[in-house]
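Note on naming: letters A, B, ... go to the chains in the order of the sequence lines (proteins, then strands), and numbering restarts at 1 for each one. Just so we're clear, the structure is a prediction, and the values are computed from it rather than from any experiment.
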Amino acid sequence: MRDARRLLNEYKLTDFQRQVLLATAKIPKGETRTYKQIAAAVHRPNAYRAVGSVMRMNPFAPTIPCHRVVKSDGSIGHYSGRGGSKAKENMLRREGAL
DNA sequence: CAACACAAAGTAG
DNA sequence: CTACTTTGTGTTG
């Protein structure tokens with residue numbers, strides 16, 4: 001997580017991206033958060049799509065646990081990482097979040 | 001500077 | 001349960 005913060009400080013990002021990536025990195029293991037919660041955490045309660053937009057291009061793909069971010073109803077949603085949503089669900093199961 | 005795209009959520013039927 | 005509309009930010013032209 002500390003590694004993510006260092007990268008956020010180094011990387012050229014907008015304030016929104018920093019907050020979103022940081023908030024995502026702060027999600028406790030074995031727990032999931034909705035895009036809505038992430039958006040609310042960065043004071044953009046209606047920017048849940050923007051959060052996904054940032055995650056999609058995620059410059060820290062393996063550094064930020066974006067797989068812990070799920071839809072409001074608990075669905076996995078999409079995942080641009082390796083294995084896609086399938087791997088995402090698998091990771092959540094291993095962490096005890098699902 | 002303007003238009004397009006998105007990993008969602010909300011509301012309606 | 002399924003379908004359509006809405007919304008904010010990033011990226012690309």
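Atom CZ in A/Arg56 sits roughly 9 Å away from atom C1' in C/dG10 (whole-Å rounding). Rounded to whole Å, atom P of C/dG10 lies 14 Å from atom CG of A/Asn58. Counting to the nearest Å, the C1' atom of C/dT11 and the NZ atom of A/Lys12 are 14 Å from each other. Protein atom CZ of A/Arg44 is 18 Å distant from nucleotide atom C1' of B/dA8, rounded to whole Å. Rounding to whole angstrom units, CG of residue A/Leu92 and C1' of B/dA7 are separated by 13 Å. Distance OH (A/Tyr35) to C1' (C/dT6): 18 Å, rounded to an integer number of Å. Nucleotide B/dA7 holds its C1' atom 13 Å from the CG atom of A/Leu21, rounded to whole Å. Atom CD of A/Gln19 is separated from atom C1' of C/dG8 by 14 Å (rounded to the nearest Å).
For A/Lys71, taking side-chain heavy atoms from C-beta onward, the closest of the listed nucleotides B/dA7, B/dA9, C/dG10 is B/dA9. Listed nucleotides C/dG10, B/dA7, C/dG8 differ in distance to A/Ala47; the shortest reach to its side chain belongs to C/dG8.
In this structure, CD in A/Glu95 is found 10.0 Å from CG in A/Asn90, a value given to the nearest 0.5 Å. The CG atom of A/Asp3 lies 6.0 Å from the OG1 atom of A/Thr63; values are rounded to the nearest 0.5 Å.
For A/Arg49 against C/dT9, no side-chain N or O and base N or O form a donor-acceptor pair under 3.5 Å.
Using N1 to N3 plus N6-O4 or O6-N4 for Watson-Crick, or N1-O2 and O6-N3 for G-U wobble, each under 3.5 Å, C/dT7 pairs with nothing. In a base pair of the Watson-Crick type (N1 to N3 plus N6-O4 or O6-N4) or a G-U wobble (N1-O2 and O6-N3), with each distance short of 3.5 Å, B/dA7 is matched with no nucleotide.
Along DNA chain B, the nucleotide nearest A/Lys36 and the nucleotide nearest A/Val69 are compared for position; the residue whose nucleotide lies closer to the 5' end is A/Val69. Toward the 5' end of DNA chain C, the nearer of the two residues A/Tyr48 and A/Asp15, judged by each one's closest nucleotide, is A/Tyr48.
A sub-4.0 Å separation between OP1 or OP2 of C/dG10 and a side-chain N or O of A/Thr14 is present. Checking the phosphate oxygens (OP1, OP2) of B/dA9, a side-chain nitrogen or oxygen of A/Ser72 falls inside 4.0 Å. Note on A/Gln17: a side-chain N or O is less than 4.0 Å away from OP1 or OP2 of C/dT11.
Within the 3.5 Å criterion, the main-chain N or O of A/Ile76 finds a donor-acceptor partner in the side chain of A/Lys88.
Contact record, A/Gly84 with A/Tyr79: O-CD2, 3.1 Å, taken as the closest heavy-atom pair.
A/Phe16 comes within 4.0 angstrom of sugar-phosphate atoms only, judged by non-hydrogen atoms across all strands, and of no base.
Hydrophobic clustering (ILVMFWY, side-chain heavy atoms < 4.5 Å, transitive): A/Tyr11 and A/Val54 are in one cluster.
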